[in-house]
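Some notes on the structure that comes next.
Below, each value reflects all heavy atoms present in this structure, side chains not excepted, and no hydrogens, waters or symmetry copies. Just so it is clear, the structure is predicted and the values come from calculations on it, not from any experiment.
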Amino acid sequence: MTPMTTQLTPPVEKRPAAAAGPAPGTRGPRRPGAWTPWLYLLPALVVLGTLLVYPVYQLGLISFLEYTQAQVSGGEPTSFQGFGNYATLFSDPQFWQVLLATVVFAAACVVTTLAVGCALAVLLTRVRALPRLVLMMAALGAWATPAVTGSTVWVFLFDPDFGPVNRLLGLGDFSWTYGRYSAFALVLLEVVWCSFPFVMVTVYAGIRAVPTEVLEAAALDGASQWRIWRSVTAPMLRPILVVVTIQSIIWDFKLFTQIYVMTNGGGIAGQNLVLNVYAYQKAFASSQYSLGSAIGVVMLLILLAVTLVYLRLLRRQGEEL
């Protein structure tokens, strides 16, 4: 009797059926926690919408209307002017003069502020703890000083009769606020004095975050301190430099308090006017609120354009912010 042989076959592995995904061109179900980040951002968005979006909307609306003291008091009805206010503004030669002065003055303030802030930030990394603490406290004191107070103090320091600066420099009764360029220079010094602490502290924090091994390797290769800053430190600090540059552009372009206080409303015959003071004079001194609003809209568009162009250039260079 021959034994029967049985052939064993391996068990077939059962695989779970593939889950049916969403059809092409359709979105799958949203994850349960997808709305969680927006819930955290909701309070900030509400605050920004209240404090930013609505005022900007009102600014743009008034710029398209005829809105003077007659309309404010109710003596005449408000009428829609379209781009008439902008046409009036752009046809005014004084507007273009003030715009050019604003751009040049803001650029000088930004460059000087960045230069002083970055230089002092590098200095903070070279001095000992006690001088570093003294410099930081002095800088933060200047930063915390209100603009009106700082401007008044600087006017007193450079006063032709009682100020100590003219006596130390031997300038006699020279008036800094009488000439156009000397007045702009005086305001520039005050703006840099109250603005460089932000740049200094921010850049110093960025420098402290740079790995020391990279700086030591550059020094061992024979690079000078300027070459290390230009070729090693500055490229690594580019995102921080972008932030402080854009902030400085926004702050200096919309400067108002320092010019208004130190030049007594824009200087002799308006020789030291900038756009913000010019808009204030049109809106409140001349009661042309629609023209003042149009100037505000132009300033807003210029700042948005400068910021977007600057970010676009950086992204073209391959820098991710």
Side-chain angles (χ1 to χ4, degrees), residues 94 97-124 127 130-201 244 247-281 284-285:
Q94 187 182 17
Q97 296 174 2
V98 173
L99 176 61
L100 178 61
T102 304
V103 172
V104 174
F105 179 70
C109 290
V110 170
V111 172
T112 308
T113 301
L114 291 177
V116 174
C118 292
L120 291 178
V122 175
L123 178 63
L124 288 177
V127 297
L130 183 58
R132 184 189 308 123
L133 178 62
V134 173
L135 180 57
M136 291 281 286
M137 295 301 295
L140 292 178
W143 192 15
T145 303
V148 175
T149 304
S151 301
T152 305
V153 170
W154 275 77
V155 169
F156 170 76
L157 291 176
F158 288 85
D159 185 84
D161 298 323
F162 306 103
V165 175
N166 281 9
R167 297 181 182 179
L168 292 176
L169 299 179
L171 297 178
D173 58 351
F174 175 75
S175 176
W176 290 82
T177 58
Y178 182 79
R180 183 187 186 189
Y181 298 106
S182 60
F184 270 130
L186 180 60
V187 178
L188 183 144
L189 292 176
E190 200 279 336
V191 171
V192 173
W193 173 77
C194 67
S195 302
F196 85 87
F198 170 74
V199 179
M200 183 190 71
V201 173
V244 297
Q247 288 278 16
S248 299
I249 291 174
I250 294 174
W251 288 343
D252 296 337
F253 193 83
K254 63 183 186 65
L255 199 68
F256 174 82
T257 305
Q258 288 86 344
I259 288 287
Y260 192 84
V261 173
M262 301 180 70
T263 65
N264 195 21
I268 300 174
Q271 64 182 2
N272 297 113
L273 283 176
V274 293
L275 279 180
N276 234 352
V277 180
Y278 184 59
Y280 175 82
Q281 288 188 353
F284 297 100

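Atoms CG and CZ, on Leu123 and Arg132 in that order, are 10.0 Å from each other to the nearest 0.5 Å. Rounded to the nearest 0.5 Å, atoms CG (Leu114) and SG (Cys109) are 11.0 Å apart. Distance check, rounded to the nearest 0.5 Å: CG of Leu157 to OG1 of Thr152 gives 11.0 Å. Interatomic distance, Cys194 SG to Leu189 CG, rounded to the nearest 0.5 Å: 11.0 Å. Going from atom CG of Leu186 over to atom CG of Asn272 covers 10.0 Å, rounded to the nearest 0.5 Å.
Between Thr177 and Val155, every side-chain heavy-atom pair lies at or beyond the 4.5 Å cut-off. Annotation: side chain of Gln281 is in contact with side chain of Leu273 (closest heavy-atom distance under 4.5 Å). Contact annotation: the side chain of Val116 approaches that of Thr112 to within less than 4.5 Å [non-hydrogen atoms, C-beta and beyond]. Side-chain atoms of Ser182 and Phe174, non-hydrogen and from C-beta on, do get closer than 4.5 Å to each other. Taking 4.5 Å as the limit, every side-chain heavy atom of Asp173 sits out of range of all side-chain heavy atoms of Asn166. Inter-residue side-chain proximity for Thr113 and Val110 is flagged as unmet; no heavy-atom pair is nearer than 4.5 Å.
Listed by first and then second residue, the ring pair (Phe, Tyr, Trp, His ring centres under 6.0 Å) pairs involving residues 100-123 are Phe105-Phe184 (not counting sequence neighbours).
Minimum heavy-atom separation, Val98 to Leu275: CG1-N, 3.6 Å. Taking all atoms of both residues into account, the shortest heavy-atom contact from Gly179 to Gln271 is C-NE2, 3.7 Å. The two residues Arg167 and Phe162 come nearest to each other via the heavy atoms NH2-CA, 4.4 Å.
Checked by atom type, the side-chain pair Trp176/Asp159 shows no donor-acceptor distance below 3.5 Å.
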Contacts table for residues 138-150: side-chain donor-acceptor under 3.5 angstrom, sequence neighbours left out:
from, atom 1, to, atom 2, distance (Å)
Thr145, OG1, Gly141, O, 2.7

Tabulate below the donor-acceptor pairs under 3.5 Å that side-chain atoms of residues 253-269 make, not counting sequence neighbours, or state none.
from, atom 1, to, atom 2, distance (Å)
Thr263, OG1, Ile259, O, 2.4
Thr263, OG1, Gly266, N, 3.1
Thr263, OG1, Gly267, N, 3.4

